[in-house]
Amino acid sequence: MKHIPTPGAFCVAAAGILWGIIGLFVRALGDAQLTSMDIVAARAIVAAGLLFVLLAIFDRKSLHLRLRDVWCFLGTGIASIVFFNYCYFSAVQMMSLASAAVLMYTAPAFVMVLARACFGEAFTRRKLLSLVLTFFGCVLVTGVVGSDTPLSFAGILFGLGSGLGYGLYTIFGKFAMARGYSAPAITFYTFLVAAIAASVLNGTSRIIVAAQSSAFPYMLGLGALSTVLPFLLYTLGLRTLSGSRASILASIEPVTAAILGIAAYGETMQPMTLAGIVLVLVGIGVGSKAS
């Protein structure tokens, strides 16, 4: 019987697309003199605030948190969101954006290994093929092939750390899901923990000033369209998809970012970029049929 993509696969792919447009908001907030970590903190604060209002109005029961489950959200909020962003922004300062992005997209490999250890998910040939196709597609999309920018050892470590942190959301999210928490509850507590941690580490003075300026709509867009909605969709997808499959499907994010760069900022489409997009899409197609 012909394989039909599941609703979970569509949810994860949609999440990847929404994550892919994050550059629109990040560039605007950068122009408003917010630092990278300011943007991380603002993103978490807005997301946590929006989710709290929604849950308080429509589903107060989802706000119930059992103390014995707090570790799940320390995992998604600090080990994933805060750690991932810290490592990624550190890598960006030490190497090219393309190199940092490629190392971040080692996340599906980390997820595949951790999902095997934590949930007994099998390594299948289809999963491995999908992983290879999407990773090398990301390499081509980001333009790292042919770059003469040297890579530092510290930068490589931070880049791999960002891939690990990025992948940890999938692992801790599945643990939280198994304990009966809904997608909105997981997303809320993830960003509540991340907002508290980022605010303590970074402060909020510049964020408060920016929120009172023309930058506020971009903060709202970042928190709603590129954070709350995609994380809800991704977490919903985890209900029916294996962690490794979900992580692979989300690799549509750099393809979206590349297309956005062309459409919104006039960036040129190089043959390597086009080839990378095709590889990622083929890899996602293979991954969508993996068990």
Side-chain angles (χ1 to χ4, degrees), residues 1-20 80 84 98-147 156 159-171 173-174 177 230 233-259 269-291:
M1 185 173 67
K2 186 177 179 180
H3 185 278
I4 299 175
T6 65
F10 284 115
C11 284
V12 170
I17 291 171
L18 289 170
W19 279 325
S80 179
F84 151 61
S99 298
V102 166
L103 289 171
M104 180 183 71
Y105 276 95
T106 57
F110 283 113
V111 171
M112 193 173 290
V113 172
L114 291 171
R116 170 71 174 179
C118 296
F119 308 114
E121 292 183 9
F123 287 127
T124 66
R125 291 181 180 179
R126 188 178 291 274
K127 281 183 180 179
L128 291 173
L129 175 61
S130 179
L131 176 63
V132 170
L133 289 172
T134 53
F135 177 74
F136 282 105
C138 289
V139 170
L140 296 179
V141 167
T142 55
V144 73
V145 173
S147 172
I156 292 172
L160 291 173
S162 72
L164 173 61
Y166 192 24
L168 283 175
Y169 182 84
T170 299
I171 302 303
K174 285 192 75 70
M177 191 76 71
L233 288 169
Y234 187 83
T235 310
L236 280 171
L238 289 176
R239 283 191 175 277
T240 56
L241 300 180
S242 67
S244 51
R245 182 181 171 197
S247 186
I248 290 170
L249 291 174
S251 296
I252 198 170
E253 178 184 349
V255 171
T256 303
I259 294 173
M269 172 72 82
Q270 301 294 332
M272 285 291 192
T273 303
L274 181 59
I277 288 174
V278 172
L279 271 181
V280 171
L281 293 178
V282 171
I284 288 173
V286 172
S288 69
K289 299 176 183 179
S291 59

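When a residue number appears, it is its place in the shown sequence, counting from 1. Any value given below was found using the heavy atoms of this structure, including those in side chains, with hydrogens, waters and symmetry copies removed.
Nearest heavy-atom pair across Ser80 and Gly165 is OG-O, 2.9 Å. Annotation for Ala246 and Leu238: closest pair CB-CD2, 3.8 Å, computed over non-hydrogen atoms. Considering all non-hydrogen atoms of both residues, Leu18 and Pro230 come closest at CB-CB, 3.8 Å. Minimum interatomic distance between Phe119 and Ile171 (heavy atoms only, all atoms of both residues): CZ-O, 3.6 Å. Closest approach of Gly167 to Ala107, counting heavy atoms only: N-CB, 3.9 Å.
With contacts defined as side-chain heavy-atom distances shorter than 4.5 Å, the pair Thr256/Trp19 does not qualify. Considering only heavy atoms from C-beta on, Lys174 stays 4.5 Å or farther from Cys118 through its side chain. Using a 4.5 Å heavy-atom threshold, the side chains of Met112 and Ile248 count as touching. In this structure, Phe84 and Tyr169 have side chains that are not in contact, with every pair of non-hydrogen atoms separated by 4.5 Å or more. Two residues are said to be in side-chain contact when any heavy atoms from C-beta on lie closer than 4.5 Å; Val278 and Val282 meet this criterion.
Interatomic distance, Arg245 CZ to Lys127 NZ, rounded to the nearest 0.5 Å: 9.0 Å. Taking CG from Leu128 and CG from Leu133, the interatomic distance works out to 11.0 Å, rounded to the nearest 0.5 Å. With rounding to the nearest 0.5 Å, the separation of CD in Glu253 from OG1 in Thr134 is 12.5 Å. A distance of 15.0 Å separates CZ of Phe10 from CG of Leu236, quoted to the nearest 0.5 Å.
Exactly one residue among Leu249, Ile252, Thr235 makes a side chain to side chain contact (heavy atoms under 4.5 Å, CB included) with Val12. That residue is Leu249.
By the side chain to side chain contact (heavy atoms under 4.5 Å, CB included) test, Leu164 is found to be paired with Phe110, Leu114, Leu168, residues two or more places apart in sequence or in another chain being considered.
Under 3.5 Å, the side chains of Ser247 and Tyr166 contain no donor-acceptor pair of N or O atoms.
A side-chain donor-acceptor contact under 3.5 Å links Glu121 to the backbone of Gly243.
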